[in-house]
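Notes follow once the structure below has been shown.
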Amino acid sequence: MWRKPAGDGQTLPPGLVERWKAEQAELRAKMVVAPLPDVPRYVAGADAAFVNPGDGPEGGAGRVVACALVYDRVERRAVEVAHAVRPLEVPYVPTFLSFREGPAVAEAIRKLTHPFGVVCFDGQGYAHPRRCGLAVHLGVTLDVPAIGCGKSRLIGTYDELGDQPGDTSALMHAGEQVGLVLRTKVRTNPVFVSVGHRVDLPSAVRVLQACLTKYRIPEPTRLADIEVAKVKKRVLAGVA
DNA sequence: GCGACAG
DNA sequence: ATCTTGTCGC
């Protein structure tokens, strides 16, 4: 006996996708691309995790756990950490990631009190079908400089790049460069960098390279990933 | 029409 | 992203 594909394949409210597309178009229109004067000392990072992902809309038990932090490049450590937990409203639909984890991530970022020059997101920015990935969506919404740094590709094509840290390849889509594929570590898959808001690609790449240590992912994002895992454990343990 | 598809 | 232990490698 066959079954409908478990996990996704869920029926979304009629017209929701169209409304989402319209919202992405509006946000995309407000995006600003400009170089950053200098690589800021304080770079924020954010990430999200899920509790009972499958229970999405119906189950009611699904939760989105988000964490945002401010990383000090000089002391190489986080100087502030904030988090947020919100109910999981929608399933994951490719190209609409922002609507699933965006609200929680935005709430966590808004809780930060320590100043920062730019936020690094775990996902695409301009390298999106409608040029409105997570980094553009939240960067514009919060009107804060933002960079998209994904661990895998959403759209675009690129020529194979060199195997040395710092080697790059242009990420192309529909005849334009939407981002840069960057090798951050030897014998490791590259990351996908793209503009979010109030930055340009060269600035974004400089910021990321200034935030790299011994890992593939820039420190702000890596530390946020570690923090969000801790918060998730506390949520699972029922700690308030 | 047939894949691909951030986290 | 999440389901999941140990294990091969630097």
Side-chain angles (χ1 to χ4, degrees), chain A residues 5-10 12 17 20-21 24 27-28 45-57 59 61-68 84-106 108-109 119-139 146-158 163 165 171-174 178-182 185-196 204 208 213-218 220-222 224-233 235-236:
Chain A
D8 58 287
Q10 301 178 47
L12 291 170
V17 167
W20 279 351
K21 285 186 179 179
Q24 291 183 325
L27 292 167
R28 159 69 184 81
D47 192 25
F50 305 87
V51 178
N52 300 331
D55 286 330
R63 295 299 180 75
V64 184
V65 178
C67 178
V85 180
R86 303 184 43 127
L88 189 44
E89 314 275 25
V90 299
Y92 168 67
V93 181
T95 77
F96 296 107
L97 172 67
S98 318
F99 296 95
R100 181 174 168 80
E101 61 174 58
V105 175
I109 293 175
V119 191
C120 183
F121 288 97
D122 185 13
Q124 315 298 328
Y126 191 76
H128 176 280
R130 292 170 294 283
R131 309 297 184 255
C132 189
L134 182 68
V136 171
H137 191 125
L138 295 185
I147 294 172
C149 181
K151 298 184 294 297
S152 61
R153 185 197 70 92
L154 174 60
I155 58 157
T157 60
Y158 59 97
D163 56 4
L171 181 61
M172 308 296 293
H173 179 71
V178 296
L180 196 71
V181 186
L182 170 69
K185 188 178 189 297
V186 289
R187 276 167 276 109
T188 302
N189 292 326
V191 295
F192 300 75
V193 187
S194 60
V195 166
L208 292 183
T213 57
K214 62 196 303 193
Y215 305 96
R216 174 165 86 119
I217 301 302
T221 302
R222 198 180 72 81
D225 186 74
I226 293 173
E227 287 303 319
V228 83
K230 293 180 183 175
V231 178
K232 176 179 177 177
K233 277 191 175 183
V235 170
L236 284 172

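Note that this is a predicted model, so its numbers are computed, not measured. The sequence lines fix the lettering, A, B, ..., with proteins before strands; numbering per chain opens at 1.
- Counting only heavy atoms from C-beta on, E101(A) has its side chain closest to dG7(B) among dG7(B), dT2(C), dA6(B).
- Between K232(A) atom NZ and dC3(C) atom C1' the separation is 10 Å, expressed in whole Å.
- For the pair R153(A) and Y158(A), the cation-pi test (distance below 6.0 Å, angle within 45°) is failed.
- Of the possible donor and acceptor atoms, none in the side chain of H137(A) sits under 3.5 Å from a partner among the backbone N and O of Q24(A).
- Among the heavy atoms of the strands lying under 4.0 Å from F96(A) is at least one base atom, whether or not backbone atoms are also near.
- Separating the CZ atom of R222(A) from the C1' atom of dG7(B) is a distance of 19 Å, rounded to the nearest angstrom.
- Phosphate contact (OP1/OP2 of dG7(B), side-chain N/O of K151(A), threshold under 4.0 Å): present.
- Between R153(A) atom CZ and dG7(B) atom C1' the separation is 15 Å, expressed in whole Å.
- Taking only side-chain nitrogens and oxygens, S152(A) comes nearer than 4.0 Å to OP1 or OP2 of dG7(B).
- In this structure, the side chain of Q124(A) engages the main chain of S152(A) through a donor-acceptor pair within 3.5 Å.
- By the stacking rule of 5.5 Å between ring centres and under 30° between planes, Y92(A) stacks on the base of dG7(B).
- If R187(A) and L236(A) are placed on DNA chain C by their nearest nucleotide, the residue sitting closer to the 5' end is L236(A).
- Nearest nucleotide to the D122(A) side chain, out of dT2(C), dA6(B), dG7(B): dG7(B).
- Going from atom CG of N52(A) over to atom P of dC3(C) covers 9 Å, rounded to whole Å.
- Among the heavy atoms of the strands lying under 4.0 Å from G133(A) is at least one base atom, whether or not backbone atoms are also near.
- Formation of a donor-acceptor pair under 3.5 Å by the T188(A) side chain with backbone atoms of V186(A) is found in this model.
- Atom P of nucleotide dG7(B) and atom CG of D225(A) are separated by 11 Å, given to the nearest angstrom.
- For the side-chain contact (heavy atoms from CB on, under 4.5 Å) criterion with V105(A), the lone passing option out of D122(A), V64(A), L138(A) is L138(A).
- Rounded to a whole Å, the CZ atom of R216(A) is 12 Å from the C1' atom of dA6(B).
- Rounded to an integer number of Å, the gap from CZ of F50(A) to C1' of dA6(B) is 11 Å.
- Atom CD in Q124(A) sits about 12 Å away from atom P in dC5(B), given to the nearest Å.
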